[in-house]
Amino acid sequence: MNSSQIRQAFFNFFETKNHFIEKSAPMVVKNDPTLMFTNAGMNQFKDIFLGNSPAKDLRVANTQKCLRVSGKHNDLEEVGHDTYHHTMFEMLGNWSFGDYFKKEAIVWAWELLTEIYKIDKNSLYVTVFEGAQDDNLEPDNEAKEFWKQYVPEDRILYGSKKDNFWEMGDTGPCGPCSEIHVDIRNEDEKKKISGRELVNKDHPQVIEIWNLVFIQFNRLSNGSLQPLKAKHVDTGLGFERLCMVLQGKQSNYDTDVFQPYIQKLATLANKNYGKKEESDIAMRVISDHLRAVAFAIADGELPSNNKAGYVIRRILRRAVRYGYTFLGFREPFIHQLVPVLVENMGNYFPELPGQQDLIMRVIAEEESTFLKTLAVGITKFENYIQGNPDKKIVDGNFAFELFDTYGFPIDLTQLMAREKGFDVDMKGFESGMKQQKERSRAAATVETQDWIVLNPSNEETVFLGYESLQAEVKPVKYRKVTSKGKSLFQLVLDKTPFYAESGGQVGDRGTLKAGEIALHILDTQKENNLSVHILDKIPEQWPDTFIATVDEKKRRLTENNHSATHLMHSALRKVLGTHVQQKGSLVDEKRLRFDFSHFAKVTPEEIEKIEQLVNERIRKNIQREEHREVAMEEAQQMGAIALFGEKYGDKVRVIAFDKDYSAELCGGTHVHSTGQIGLFKIVSEGAIAAGIRRIEAVTGKLAEDYVNEKINTLNQAKEVLKNPKDVLKAIEQLQQENDKLSKQIQQLQKAQAGNMIDELKQKAQKVGDINFISVKLAIDAQMAKDLAFEMKKQIESLFMTIGHLADGKAGITIIISDNLVTEKQLHAGNIVRELAKEIQGGGGGQPHFATAGGKKPDGLDKAVSRAIEFIKK
RNA sequence: GGGGAAUUAGCUCAGUUGGCUAGAGCGCUUGGCUGGCAGCCAAGAGGUCAUCGGUUCGACUCCGAUAUUCUCCA
């Protein structure tokens, strides 16, 4: 079977077991502060396990694209060096939300592997949880009994808490799990040592392929376990490994999941795969990272310099670096693999072909900037080697600087050092690294306490804010969150008029009142499906209900901007083309910011057209159309623009302003009719990444202010220019005149300086063969300098001292012709320092030119008269 | 969120312990030469040294803040 068939067989099998086949959620996580990327199949169902949302279907199966850059089998630095580490991978899974439990999960897993995929039963091993005293847990004999019906007991192993007890995090749902391992060694190897001995021993050919998790507890922050009412099944079957097993390969990279990219790379690099260890590693690294980066970009996460974007950038750069070092690439090359990826996976993941152009451009741009950074670092390194030719060891601090500042991985530095016959001081490097880590950890500790439940509920918060801004609400639970010494409280309500930050629209602010109690809601945020109200304090006694009131002014202004964003989005697509896709959005009460894919600067003419279109719609005062609880397919038929990857169970809501003009999937709040927006004005346009532009705009009163300010500035300019008919022409004339005048001044100054020079020449006296001048002038330091250098050009063997005084500042300037400096050993710097004593100042300079300044102008005469002492000696 | 670095001519970059009236290569303008692959020679234009503030007789250089970019850690 090829990989597509393997994936399809999984879905077909679970469909016959009444599972709903869910699409993969985006790999990039939006509303979860604890997670940047989907790192397991269960992520999109997290709210169901946590009891924050009810399940839509009780049985679900899917494949989930996941990304991991740290962890047991996913340390970024390991990827490519062996046959099974990956950053991005697919996790096949079947799910039961309070429906079937251990028995069915085990029976079906066995059936699929042995009957459908036809894996040899004799090479399979299973593990069950052995129990744990510290948690007071018995061995999972229930699971073992089910297994015994299919698997001989000598192939059922007990596993420790580490391997066989799954936890979502420090707190949250958890439970025992049962793993299926497969031994893919050849018969000779199997005879030498039993597979039983190698299970969970990190043997590359005796591997876990399927983990069946039985969620039955909730871990509290004090460490204790609480049994769950509804028990769930969460399974994860590693797709890439499964392909390896079914295709009879010894390495994930030998399957058709990775080979197309490896082969393409081999062609591009003019090297064969399987010939040399280091180029093989490089090809594996690149083929893995290509997938991770391309999917991330397709899901809207662009390489950038912090957070999730930075992780993507790091992955891409690692790939570039391996290509650079081991495959000899000096020009961007990874983007050329994207078409192969699209051909390979585009069928099941339409987001790839949909954005192929953008993905290629972004990758190409990143590649070329990083190749530049590498070049800078290499120069830095070579300078270091040249500066320390006898050292034979690269300083640890320097190696760390290269790593920290220029992104040079330590192994690259070692490699380059070896080429020059140098070693690297690894101890010094490690200590720099350690310090950095400690600094960061100390800066970012967030302490989250357990939820304190006031009124138990496992329903989602009902959002009332589409209709009303005030409501009587019941507190459900709250907790304290401490970060950097500041404590805030998070509060969940049964229903709320407060909009939680999402889809670019900022969260609402407002108040909670109950009798004497008045609380301020500082912000409202979303944690997965949970609406969390942020408070700075909580009441001593919780009332049964509050009156919740949203800050209306802020909300209305924000709505203006949000609706305007929709209107602008369609205007952009009309004016620039339908390749325009939203890549980011921020809407608050002051402005709207919109990032979108587009490959050229938006011209002033286009900006004007966009503004016109939007303002036209505003003037038409179009009524808002709102459709809630719409099925995805229906929404698409309505022509609604959607971002890729709606989440499982999301109710789709469509907002339209004249549905032939603007219809979008959106959970945000909007104006009743577009006239409320008043006026729309684009304030700035620019690039934020390759192929991504950003527009900022304002609406309503703020747009008025913006326009008025521009007009005022123009009016003021007019006034200053005495109200000319044509302002532009007036300014041009002014500029021309200005140019003319400055030239005249320059000429005059030259003439003046010429006069001064002539005068000074008269004052020159011969002292031996030196032309000596010492004068006091009413000029500033800059003029003295100019004069000095001009004199030096015109008079040979010059020794000149100028005492100058301007704006109450006294100074001394000395210039000496070069021949005197060498022949007479004169040093202007030393002389000026001596003379400066007369004006209570200090100074210095070079042998031929020096300056000094002082606080006592009275001493200038004396200083000037003393100058001659220094050449008489 | 916390660190490290960079920002100098249209482009790519030099610039030593604070003092060379800020330089190079490419590009540009002008003139001359020229049958040879990036033609050659000569002259010239082009700079708020990212921005603001401070220290100093004097700041591209030192200090602080801001902006932008790179980079590492979380």
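Note on naming: letters A, B, ... go to the chains in the order of the sequence lines (proteins, then strands), and numbering restarts at 1 for each one.
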Original post:
Considering every strand shown, what is the Watson-Crick or G-U wobble mate of A6(B) when both distances are under 3.5 Å?
Top reply: U68(B)
**OP:** Check every strand shown and say whether Gly854(A) touches a base, only sugar-phosphate, or nothing at a heavy-atom separation below 4.0 Å.
**Re:** nothing
Subject >> Euclidean distance, atom NE2 of residue His827(A) to atom P of G19(B) [Å, nearest integer] >> reply: 13 Å
Original post:
With sugar-phosphate meaning primed atoms plus P, OP1 and OP2, does Gly407(A) contact a base, only sugar-phosphate, or nothing at under 4.0 Å between heavy atoms?
Top reply: sugar-phosphate
Original post:
Do His86(A) and Asp288(A) have side-chain atoms, one donor and one acceptor, less than 3.5 Å apart?
Top reply: yes
**OP:** Taking atom types as modelled, find out whether Gln449(A) and Arg479(A) have a side-chain donor-acceptor pair closer than 3.5 angstrom.
**Re:** no
Subject >> Spacing of the P atoms in A74(B) and A38(B) (rounded, Å) >> reply: 49 Å
**OP:** For Arg313(A), answer base if it contacts any base atom (sugar-phosphate contacts may also be present), sugar-phosphate if it contacts only those atoms, and nothing otherwise; contact means non-hydrogen atoms under 4.0 Å.
**Re:** sugar-phosphate
Subject >> Position toward the 5' end of RNA chain B (nearest nucleotide), Arg441(A) or Gly843(A) >> reply: Gly843(A)
Original post:
To the side chain of Met433(A), which of C57(B), A5(B), C73(B) is closest?
Top reply: C73(B)
Subject >> Separation of the P atoms in G53(B) and U17(B), to the nearest angstrom >> reply: 28 Å
**OP:** For Glu366(A) and C70(B), give me the distance from atom CD to atom C1', rounded to whole Å.
**Re:** 11 Å
**OP:** Round to the nearest Å and state the distance from Ile815(A) atom CD1 to G19(B) atom P.
**Re:** 17 Å
**OP:** With C1' as the reference atom in both, quote the distance from G47(B) to A22(B) in angstrom, rounded to an integer.
**Re:** 8 Å
Subject >> Opposite nucleotide pairing with A14(B), Watson-Crick or G-U, both atom distances under 3.5 Å >> reply: none
Original post:
Which comes earlier along RNA chain B counting from the 5' end, the contact point of Glu401(A) or that of Gln846(A), where each point is its nearest nucleotide?
Top reply: Glu401(A)
Subject >> Options G4(B), C20(B), G58(B), nucleotide nearest the side-chain atoms of His848(A) >> reply: C20(B)
Original post:
Rounding to a whole Å, what distance do you find between Lys437(A):NZ and G4(B):P?
Top reply: 18 Å
Original post:
G4(B) P sits how many Å from Asn397(A) CG, rounded?
Top reply: 14 Å
Original post:
NA contact type, Phe789(A), heavy-atom cut-off 4.0 Å: base, sugar-phosphate, or nothing?
Top reply: base
Original post:
P atom, U8(B) versus U51(B): distance in rounded Å?
Top reply: 10 Å
Original post:
What heavy-atom pair brings His827(A) and Gln846(A) nearest, and what distance separates the two atoms?
Top reply: CE1-C, 3.9 Å
Subject >> Side-chain donor/acceptor of Thr38(A) to backbone N/O of Pro26(A), under 3.5 Å >> reply: yes
**OP:** Can you tell me the distance, in whole Å, between the CZ atom of Phe400(A) and the C1' atom of C73(B)?
**Re:** 8 Å
Subject >> Separation of G58(B) P from His804(A) NE2 (nearest whole Å) >> reply: 11 Å
Original post:
Who is the Watson-Crick or G-U wobble partner of G53(B), with both distances under 3.5 Å?
Top reply: C63(B)
Original post:
In the strands shown, is C33(B) matched to any nucleotide by a Watson-Crick or G-U wobble pair with both distances under 3.5 Å, and which?
Top reply: G39(B)
Original post:
Looking only at N and O atoms, is any donor in the side chain of Gln436(A) or the base of G4(B) less than 3.5 Å from an acceptor on the other one?
Top reply: no
Original post:
Rounding to the closest angstrom, what is the interatomic distance between A50(B) and U34(B) at atom P?
Top reply: 45 Å
**OP:** Would you check if there is a donor-acceptor pair between the side chains of Ser487(A) and Thr482(A) at a distance under 3.5 Å?
**Re:** yes
Subject >> Spacing of the P atoms in U66(B) and C28(B) (rounded, Å) >> reply: 42 Å
Subject >> Contact under 4.0 Å: Arg314(A) side-chain N or O vs C73(B) OP1/OP2 >> reply: yes
Original post:
Asp786(A) CG to G19(B) C1': how many Å, rounded?
Top reply: 16 Å
Subject >> Nucleotide of U21(B), G2(B), G4(B) approaching Arg439(A) most closely (side-chain heavy atoms) >> reply: G2(B)
Original post:
Does C28(B) have a Watson-Crick or wobble partner in any strand here, with both distances under 3.5 angstrom, and which is it?
Top reply: G44(B)
**OP:** State the pairing partner of G1(B); accept Watson-Crick or G-U wobble contacts with both distances under 3.5 Å, and report none otherwise.
**Re:** C73(B)
**OP:** For C62(B) and U68(B), measure between their P atoms and round to the nearest Å.
**Re:** 23 Å
Original post:
Does the Glu367(A) side chain pair with the main chain of His335(A), one donor and one acceptor, at a distance under 3.5 Å?
Top reply: yes
**OP:** Quote, to the nearest angstrom, the C1' distance that separates U16(B) from U12(B).
**Re:** 22 Å
Original post:
When Phe398(A) is tested against each of Phe408(A), Phe403(A), Phe429(A), Tyr384(A) for ring-ring contact (aromatic ring centres under 6.0 Å, His included), which residue passes?
Top reply: Tyr384(A)
